[in-house]
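Computation of the quantities below employed the complete heavy-atom set of this structure, encompassing side-chain atoms and omitting hydrogens, waters and symmetry-equivalent molecules. Order of the sequence lines fixes the chain letters, A, B, ..., with proteins taken first and strands second; residue numbering starts at 1 for each chain.
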Amino acid sequence: MRPRTSHIILVAAAVLLTLLLAGEAVDPVLYAAENISTAAHADPSTIEKRSPGDAASVIPLMDELLGHTGTLALTIKIKDYESAQRDLARYSELTSQFDRLVVTLDLSETDIAEFQKNNRQNQEAMAALLNDSQRLDELQSLEIEVLDGDQRMAVVYEGEALRQKMRETYTAYAKREPETTRIATHYGANATPYQESVEVLAEVVGAAEEWQVEWQDGNGTSAGGSGGVAPRSPLNITVTPREGRYGENLTIGGRYVDGVPGTPLTIYVDSRIAGNTTLDENAAYAYPYRIGRILAGPHLVYATAGAIFSEVATFDVLPAETNISLAIAEVNRTAVACTGNLTTEDGRAVLNAPVLLRLDGETLISTQTDGNGTYARTLILTGGEHTVRAEFNAAGYPLNSSKSGVVTIQVRGEGLSPFPFIAAIAAALGAGWYIRRRGLPPEPPVPEEPDIEPPPEIAETGPSVEIEGLPPRDAATILFRALRERLGIPATKTPRECARLAPDHVAFFERYERIRYAGETPTDEELRAMEQEALERDD
Amino acid sequence: MQRETRVVLLVLLLAGGALYLHTTTTTEEFSRHNIGWNGTSSLPAEEVRDLSRLDPGSTLLLLAPDRPFTPEEVGYLRAFLDGGGRVIIADEEGAANPLLADLGSEIRVRPGNLSSLERDYAHPGLFRGYVVGNDTLFAGVETALLNRPAEVEGGEPLIETSVLTWDDVDGDGRVGEGETFGRSVVCAREGNLIVIGDASLFINAMLPENPKFIENLQPVQIDAVHSRIGSRNPIINTLTWIAERPPAVAAIAALAILPVAWRFGRKRE
């Protein structure tokens, strides 16, 4: 094949190959196939695998929570308070797990979040009913010992307060049942234990009311009431206004008939101490209660002055919408600062509230608002595009959850490391040094070389040859080698090649060629002439 | 042979191979000529083009059908079903609904964007369905990995999703306002007619994911006329046309052999 033709074919084939492969070669899929999908399907081999663990545990956990309400109600009913406390602790633990799941799986806009809210309220109701039942039992045991009129009335007042509380708590608990059952049934969870718990708690509350009536009847219900009607406590209580939203102030106040000014009072909201106050000179009190982290819905409030319990008052906390903002600013090549505010719809700051930053739709990073409702968190990110969204999940607040818009950020990432470049340069220098040290292969002699042979000095130091007594043909060979060496022609060259390389000695080499290959024998005269030429003698 | 000639032949061979691969394959969805992840080149199935010649008692797969059926063809399918044949329609776009209606079936495909929270993959449309009915197609199969399936209404349910599945209308991958969780049927049966709301089960990338299901499917014939398994590539279609006609194959073979024979003949002279 002619070289020109083969070169053209090679170039054409190479261009064709390059064109065919170029389209594929520039496709990033070739190097990093990731999340490949079309409108019809996704390529499972390029999609990140993950454990379905969290999602798979949602329904079983719902089942377990509902089951615990039944067990807990029964242990309260049979007054096994030790077991009930254990059951309640487990129920609270499961509730916390469920709360976390709802956040992690981003279910805040589903009916599962509604179930979560109801369950959280149920757990608090159960805790209150357990404590109240226990206290009511203690009052029952005091019934035998109480002889003193004042002490007896204190028991009556506290018993009445507890009865009212239990009734209110139960009513709210029962009110949540249809919706909670509907959601549970939709997800195939067994709501029967929960439905049974409503019936069992009705019996518990009913028993408390019966005891209170019997106790009052048995003791003549002297304190201002007729048979079967609870006496009014001398410590009265009111809440104004009767309802409010997050951040608003309510006033819990009243009078203690015959109370001594300066008497300390303790205010309870949902059986938890909300604060302390004292009676003023008019035997009245007023406690400012700011609505904070408390669930939306009805709440119970009462006050105690020593052993005297007030009646139970109620107030409603109304739910409110929230707004959360998110701003992102670059701190350096890998860090960004996320800041924002969490406020209610009427502009009140939500204080010390947990905020989640959802990074790239998956990873959750916690932070918290400060005393001004502002949060700030610095994120260290890898280079590339990231999305961040701020979320407020409102667990335990009388507020609705909110989410900021998704903010997309481009993180520059760590710059190119200089080490690969330094290594490459060092490798190149090393390779150069190595090649230089090994030396380059000898260059083939160029035809002009005989022209630049060093004339006299070499002649002076030229090889000395001894041909005396040798056969004429051997003597000619020695003289040929001597001349070849003097001219610096490699020993591999034939006489003809030597003649080409040293045109000034053509006659010598041609004569030797005939002697060497044609078998001619040189005369003595010819040998002397060859010797003179080989050794460059003039004599 | 000179070294240079050998190099030229090698490069030509490589270029020819690349050119052949380039022109005889495609990236079209579901195509039998697509050797990539979303093709069906690896699905073991015999292609049929004439519905009047179906083997009685065999299984016919209509994969992502995108061409209408004539009344005659519907009649052939009806007769095939009545004769004990099994028809599997895999469709997620609802294009098979007119055929289902013509066959007198109650089953319908409802296109959507089913997504699940209970899944093994990060992609919300890639999740497991649970076998809830009895059919030889799912013998020994408890779950099937689904790939962006559509809901199937009517018939006897064969595969259902988990209850944590929703139709992701806004496509944001999360359950938002107006989107609710619930089980969906993605495969149902009516006699010998099976409708699968997920044609992706048969693409190359999905075959290793549900091996038992693919094994149970065998032997299967695939309707090459109405299914979306062809190609719009003219070279592929020409080659397919030739491959299906023995005289054309013989003619091409002769065209290839004749120059070689002529060359050898000249050399001998």
Side-chain angles (χ1 to χ4, degrees), chain A residues 1-3 5-21 23-24 29 33-59 105-113 183 186-189 358 361-362 389 403 406, chain B residues 1-2 4-5 7-16 18-19 21-23 29-30 36-38 64 92-93 116-123 125-128 145-149 162-164 166 172-183 198-201 203-206 208-209:
Chain A
M1 189 180 285
R2 286 180 188 170
T5 313
S6 66
H7 286 159
I8 290 169
I9 293 172
L10 265 175
V11 168
V15 168
L16 179 67
L17 260 179
T18 310
L19 285 176
L20 288 176
L21 296 178
E24 313 296 329
V29 170
E34 199 175 59
N35 297 329
I36 306 296
S37 64
T38 65
H41 31 234
D43 181 0
S45 65
T46 64
I47 307 289
E48 185 196 345
K49 275 207 159 196
R50 66 175 214 179
S51 163
D54 281 351
S57 58
V58 171
I59 311 300
L105 297 173
D106 197 9
L107 300 174
S108 55
E109 289 177 37
T110 67
D111 49 2
I112 291 178
I183 298 169
H186 174 69
Y187 290 101
R358 193 177 290 270
E362 294 277 336
R389 187 178 66 193
K403 294 178 169 67
V406 175
Chain B
M1 193 185 286
Q2 285 178 15
E4 200 170 75
T5 312
V7 172
V8 170
L9 284 177
L10 183 68
V11 173
L12 279 178
L13 199 66
L14 283 172
L19 188 66
L21 270 179
H22 207 77
T23 52
E29 297 271 27
F30 300 108
W37 69 275
N38 57 345
E92 52 201 45
E93 293 172 3
S116 179
L117 206 61
E118 207 173 329
R119 58 186 194 257
D120 304 325
Y121 291 88
H123 194 292
L126 205 55
F127 56 90
R128 294 209 160 268
L145 183 68
L146 305 169
N147 199 330
R148 308 196 77 163
S162 120
V163 71
L164 296 177
W166 79 102
D172 64 352
R174 57 184 293 274
V175 199
E177 211 173 330
E179 296 169 338
T180 52
F181 284 129
R183 288 186 200 282
D198 190 2
S200 310
L201 292 184
I203 62 171
N204 295 335
M206 289 294 287
E209 303 293 339

> Please walk me through it: do D111(A) and T180(B) pass side-chain contact (heavy atoms from CB on, under 4.5 Å)?
Replying inline: CA-CA 8 Å; D111(A) 49 2; T180(B) 52; 5.7 Å; no
> Going by distance alone, is a donor N or O of one side chain under 3.5 Å from an acceptor N or O of the other, for E29(B) and H41(A)?
Replying inline: yes
> By a 4.5 Å heavy-atom criterion (distance strictly below it), what part of L126(B) contacts chain A: side chain, backbone, both, or neither?
Replying inline: side chain
> In Å, rounded to the nearest 0.5 Å, how long is the span from CG of L164(B) to CG of L105(A)?
Replying inline: 8.5 Å
> Does the pair W37(B) and T38(A) meet the rule for a side-chain contact (heavy atoms from CB on, under 4.5 Å), with working shown?
Replying inline: CA-CA 11 Å; W37(B) 69 275; T38(A) 65; 3.8 Å; yes
> Is it true that D106(A) and R174(B) have a side-chain N and a carboxylate O under 4.0 angstrom from each other?
Replying inline: yes
> Are any side-chain N or O atoms of S200(B) and backbone N or O atoms of A40(A), one a donor and one an acceptor, separated by less than 3.5 Å?
Replying inline: yes
>> If I take atom CG from residue D54(A) and atom CD from residue E118(B), how far apart are they, to the nearest 0.5 angstrom?
In response: 11.0 Å
>> Any heavy-atom pair between the side chains of I59(A) and V163(B) that's under 4.5 Å?
In response: yes
>> Need one label for E177(B): side chain, backbone, both or neither, based on atoms under 4.5 Å from any heavy atom in chain A.
In response: both
> Please walk me through it: do N147(B) and D43(A) pass side-chain contact (heavy atoms from CB on, under 4.5 Å)?
Replying inline: CA-CA 9 Å; N147(B) 199 330; D43(A) 181 0; over 6 Å; no
>> Less than 4.5 Å to any heavy atom of chain B: does that hold for the side chain of A12(A), its backbone, both, or neither?
In response: neither
> If every non-hydrogen atom of A42(A) is compared with every non-hydrogen atom of H123(B), which pair is closest and at what distance?
Replying inline: CB-CD2, 3.9 Å
> Of the non-hydrogen atoms in P44(A) and A205(B), which two are nearest, and what is the gap between them?
Replying inline: CG-O, 3.8 Å
> Which atom pair, heavy atoms only, marks the closest approach of T110(A) to F181(B)?
Replying inline: CG2-CE1, 3.8 Å
> Considering only heavy atoms, which portion of F30(B) lies under 4.5 Å from any heavy atom of chain A: side chain, backbone, both, or neither?
Replying inline: side chain
>> Is I203(B) close to chain A through its backbone or its side chain, or both, or neither, when contacts mean heavy atoms under 4.5 Å?
In response: side chain
> Given the options G173(B), G125(B), G176(B), which has more heavy-atom pairs under 4.5 Å with chain A than any of the others?
Replying inline: G176(B)
